[in-house]
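Everything on this sheet refers to the single structure shown next.
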Amino acid sequence: MELGRELGELYQRLLGSFGHRNWWPGETPFEIMVGAVLTQNTAWLNVEKALANLKEAGVFTPAKMAALPREELAKLITPAGYYNVKAQRLGNFLALLAGKYRGRIPSLAKRPTQALREELLAVNGIGPETADCMLLYALERPVFVIDAYTFRVLSRHGLARAPYDYPVLQAMFMENLEQNVEFYNDFHAQLVHLGHHFCKRGKPLCDLCPANGWRGRP
DNA sequence: GACCAGGCACATC
DNA sequence: GATGTGCATGGT
């Protein structure tokens, strides 16, 4: 049984059930990158409040955010939780952006994917998921994003086993599927949607789960 | 009032 | 190298 085919069929079934998810919510690459940090272990609804605060305060540009005292930045992003940690992490990212790219996302976007990924991972506070969200959703690079939902859904569908291992799971997707930005974008979004609404602990298996009727065909 | 949410870094063994 | 812990708000 071929993994790529199985994953592809899972995607088709998700697409058929939910339609295109149209991710990532956010109007600019910068907004998506900031959102990627703010959403770390945090419900998106709270991230939206923090983003709205930044916009209302008129500081939602790389230069203005970088110039903001750390406590003021923390105050604005309070609704997103872990606000002290995240203010520091955003500061670290903004420092990379300002220091190496003159605060310009288009300059940063000229870097090749792997080099950029390593630069992002070198920022304290940007781990693999945050970096890959930035690469896929803000910069449109064909990088598959793994997260807690991905692992949960795959486990429940018998396609992955503990322990949670980011590189292993990522390779599962990228070595068995076509490396395509639109596809990766929507597939990950579908997995989050499924995990969020149906594939939860304490919930019965949804009709997309193998144990509840799904046998690998859409 | 518990439990969870689109992680990550760091301490400790 | 594996395991545990701090960070924090807001919705269900």
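Sequence lines set the chain letters: A, B, ... in the order given, protein chains first and strands last, and positions in each chain run from 1.
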So how far is it from [X] [atom1] to [Y] [atom2], rounded to the nearest 0.5 Å?
X: A:Asp186; Y: A:His193; atom1: CG; atom2: NE2; value: 11.0 Å
X: A:Leu191; Y: A:Leu10; atom1: CG; atom2: CG; value: 6.0 Å
X: A:Glu129; Y: A:His188; atom1: CD; atom2: NE2; value: 6.0 Å
X: A:Tyr184; Y: A:Gln179; atom1: OH; atom2: CD; value: 4.0 Å

What closest approach, in Å, do [X] and [Y] show between heavy atoms, and which atom pair accounts for it?
X: A:Gly58; Y: A:Lys64; value: O-CD, 3.3 Å
X: A:Ile126; Y: A:Ala131; value: CG2-N, 3.7 Å
X: A:Leu14; Y: A:Gln190; value: O-OE1, 3.6 Å
X: A:Met172; Y: A:Leu7; value: O-CD1, 3.9 Å

*What is the per-nucleotide protein-contact pattern of nucleotides 5-12 of chain C, from the 5' end, where B denotes a base atom under 4.0 Å from a protein heavy atom, S denotes such proximity for sugar-phosphate atoms only, and - denotes neither?*
--BBBSS-
*Going by atom types only, do A:Asp132 and A:Tyr166 share a side-chain donor-acceptor pair under 3.5 Å?*
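Per modelled atom types, A:Asp132 and A:Tyr166 side chains form a pair under 3.5 Å.
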*With no hydrogens and no angle check, do the side chains of A:Tyr11 and A:Glu6 hold a donor and an acceptor under 3.5 Å apart?*
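Short answer, no.
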*Would you please indicate if the ring centroids of A:Phe187 and A:Phe173 are separated by under 6.0 Å?*
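Yes, close enough.
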*asked:* In this structure, how many angstroms lie between the C1' atom of B:dA5 and the CZ atom of A:Phe151, rounded?
replied: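 My rounded result for the distance is 17 Å.
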*NA contact type, A:Ile126, heavy-atom cut-off 4.0 Å: base, sugar-phosphate, or nothing?*
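Sugar-phosphate: the residue A:Ile126, judged by heavy atoms under 4.0 Å, touches backbone atoms but no base.
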*If you measure from the P atom in C:dA8 to the same atom in B:dC10, how many Å do you get, rounded?*
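Looking at atom P only, C:dA8 and B:dC10 are 15 Å apart.
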*For atom C1', what is the distance between C:dT3 and B:dA5, given to the nearest Å?*
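Their C1' atoms lie roughly 22 Å apart.
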Please list, pair by pair, any protein nitrogen or oxygen found under 3.5 Å from a nitrogen or oxygen in nucleotides 10-13 of chain B.
unit_1	atom_1	unit_2	atom_2	d
B:dC10	OP1	A:Asn124	ND2	3.2

*Can you check whether A:Thr39 has a side-chain N or O nearer than 4.0 Å to OP1 or OP2 of B:dA5?*
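No, outside the criterion.
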Only distances under 3.5 Å count here; give the side-chain donor-acceptor pairs of residues 84-91 of chain A to other protein atoms, sequence neighbours excluded, each with its distance to 0.1 Å.
unit_1	atom_1	unit_2	atom_2	d
A:Lys86	NZ	A:Leu38	O	2.6
A:Lys86	NZ	A:Gln40	O	3.3
A:Lys86	NZ	A:Thr42	OG1	2.7
A:Lys86	NZ	A:Ala80	O	3.0
A:Gln88	OE1	A:Arg70	NH1	3.1
A:Gln88	NE2	A:Asn92	OD1	3.0
A:Arg89	NH1	A:Gln40	OE1	2.6

*asked:* With a 3.5 Å distance limit and no angle check, can you tell me whether A:Gln170 reaches the backbone of A:Phe144 through a side-chain donor-acceptor pair?
replied: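 Flag set: sc A:Gln170 to bb A:Phe144 pair under 3.5 Å.
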*So which of residues 90-97 of chain A are in contact with DNA chain B, with a heavy-atom cut-off of under 4.0 Å?*
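Result for residues 90-97 of chain A: none.
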*Tell me, which of residues 139-148 of chain A have any heavy atom that sits under 4.0 Å from an atom in DNA chain B?*
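Going residue by residue through residues 139-148 of chain A, the ones with a heavy atom under 4.0 Å of DNA chain B turn out to be A:Asp147, A:Ala148.
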*Please list residues of residues 166-188 of chain A whose heavy atoms come under 4.0 Å from any atom in DNA chain C, ordered by number; otherwise none.*
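Heavy-atom contacts with DNA chain C come from no residue of residues 166-188 of chain A; none.
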*What is the ring orientation for A:Trp23 with A:Tyr137, classed by angle as parallel under 30°, tilted 30 to 60°, or perpendicular over 60°?*
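Ring orientation, 0 to 90° scale: perpendicular.
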*asked:* Would you say NZ of A:Lys55 has more than 12 non-hydrogen atoms from neighbouring residues, nucleotides or ligands within 6.0 angstrom?
replied: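 Yes.
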